[in-house]
Amino acid sequence: MNTKSEVVSFDDEPLILVDSADRVLGFLDKAACHNGEGQLHRAFSAFVFNARGELLLQKRGREKRLWPNFWSNSCCSHPRRGESMDTAVHRRIEQELGLDASLLHDLRFVYKFEYQAGFGANGSEHELCSVYLARTTGTPVVNTTEIDDWQWIAGTELNRRLEERPDEYTPWLRLEWAALCERHADMLPTGARELPP
């Protein structure tokens with residue numbers, strides 16, 4: 001497995017606070033945004049597929065405050081102040097997965113939704129999350145400060161694992177994958193369109 005090590009996320013970086021209509025309300029550092037029930041902020045989730053239609057899953061780093069060592073979608077993070085969502089998605093995919101613009105194709109916004117999920121005393125996610133799809137011809141070079149493991153997985157196999165062992169996966173992955181399969185299957189690559197059981 002090709003890897004790199006780089007710190008790309010900081011507790012004091014300001015996140016963009018929004019209301020449910022995505023109107024900017026202000027800015028707050030990342031650590032505070034995730035305290036208690038969480039403060040609603042902008043975020044994104046990206047699902048990256050290979051030429052076979054398999055999805056790239058990552059296992060979140062063991063030092064993560066929220067959902068460490070849980071399997072999740074290819075990449076998820078937050079736009080920075082003054083940064084467009086598309087730019088943020090490209091930046092973070094390159095930082096976490098080593099897939100620059102030359103290796104990432106057909107990046108597409110699919111939908112936006114609000115969710116809140118708590119991780120015990122460690123805090124919560126409360127995000128207005130934009131969900132993206134992309135495909136790649138490259139092999140990930142994972143950033144080991146963010147990611148403990150990764151794998152390509154077929155849609156049918158992911159559905160089976162989510163049914164049998166849902167607690168090994170982040171809550172946003174479960175929500176987003178269900179929505180993609182149920183409401184946006186026409187946008188998924190061939191081979192990833194099987195509906196959950």
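Basis for what follows: all heavy atoms, side chains included, without hydrogens, waters or symmetry-related copies. Computed from a predicted structure; not experimentally measured. This chain uses plain numbering: 1 for the first residue, then up along the sequence.
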Point to revise | Pairwise distance CG(L180) to CG(D186) - rounded to 0.5 angstrom | key: 10.5 Å
**Study point:** Pair R160 + E157, salt bridge at N-O below 4.0 Å
**Key:** yes
Practice item. Take L55 and W177 through the side-chain contact (heavy atoms from CB on, under 4.5 Å) test and state the conclusion after the steps. Key: CA-CA 11 Å; L55 173 64; W177 182 246; 4.3 Å; yes
Practice item. For R174 and P166, indicate whether the former's side chain and the latter's backbone hold a donor-acceptor pair under 3.5 Å. Key: yes
Review point. Looking at side-chain heavy atoms only, is the closest gap between L56 and N50 below 4.5 Å?
Key: no
Check your understanding: Among V110, V131, L133, whose side-chain contact (heavy atoms from CB on, under 4.5 Å) with H184 holds?
Key -> V110
Exercise for review: With the side chain counted from C-beta on, respond yes when T170 and E125 share a heavy-atom pair under 4.5 Å apart, and no when they do not.
Suggested key: no
Review point. Under 3.5 Å, side chain of T136 to main-chain N/O of G138, donor-acceptor pair present?
Key: yes
**Study point:** Heavy-atom donor-acceptor pair, R80 side chain to A88 backbone, under 3.5 Å
**Key:** no
Check your understanding: Crowded around R165 CZ? As in, over 12 foreign heavy atoms under 6.0 Å?
Key -> yes
Exercise for review: Return the set of residues passing side chain to side chain donor-acceptor pair (under 3.5 Å) with Y111 (not counting sequence neighbours), or none when no residue passes.
Suggested key: none
Study note, to complete from the structure: Exactly one candidate in Q58, R60, K64, Q95 meets side-chain hydrogen bond (donor to acceptor under 3.5 Å, both in side chains) with E146; the answer is K64
Check your understanding: Going by distance alone, is a donor N or O of one side chain under 3.5 Å from an acceptor N or O of the other, for D149 and W71?
Key -> no
Practice item. Before giving the answer on side chain to side chain donor-acceptor pair (under 3.5 Å), spell out for S84 and D86 the whole-Å C-alpha distance, their side-chain angles and the decisive distance to 0.1 Å. Key: CA-CA 6 Å; S84 74; D86 283 8; 6.0 Å; no
Check your understanding: Is the backbone N or O of M187 less than 3.5 Å from a side-chain atom of R108, with the two atoms forming a donor-acceptor pair by type?
Key -> yes
Check your understanding: Which residue pairs pass the ring-ring contact (aromatic ring centres under 6.0 Å, His included) test with at least one member in residues 74-109, sequence neighbours excluded?
Key -> H34-H78, H41-H78, F109-Y132
Check your understanding: Is the W67 ring parallel, tilted or perpendicular to the F70 ring (thresholds 30°, 60°)?
Key -> perpendicular
Point to revise | Heavy-atom side-chain proximity of E37 to Q116 below 4.5 angstrom | key: yes
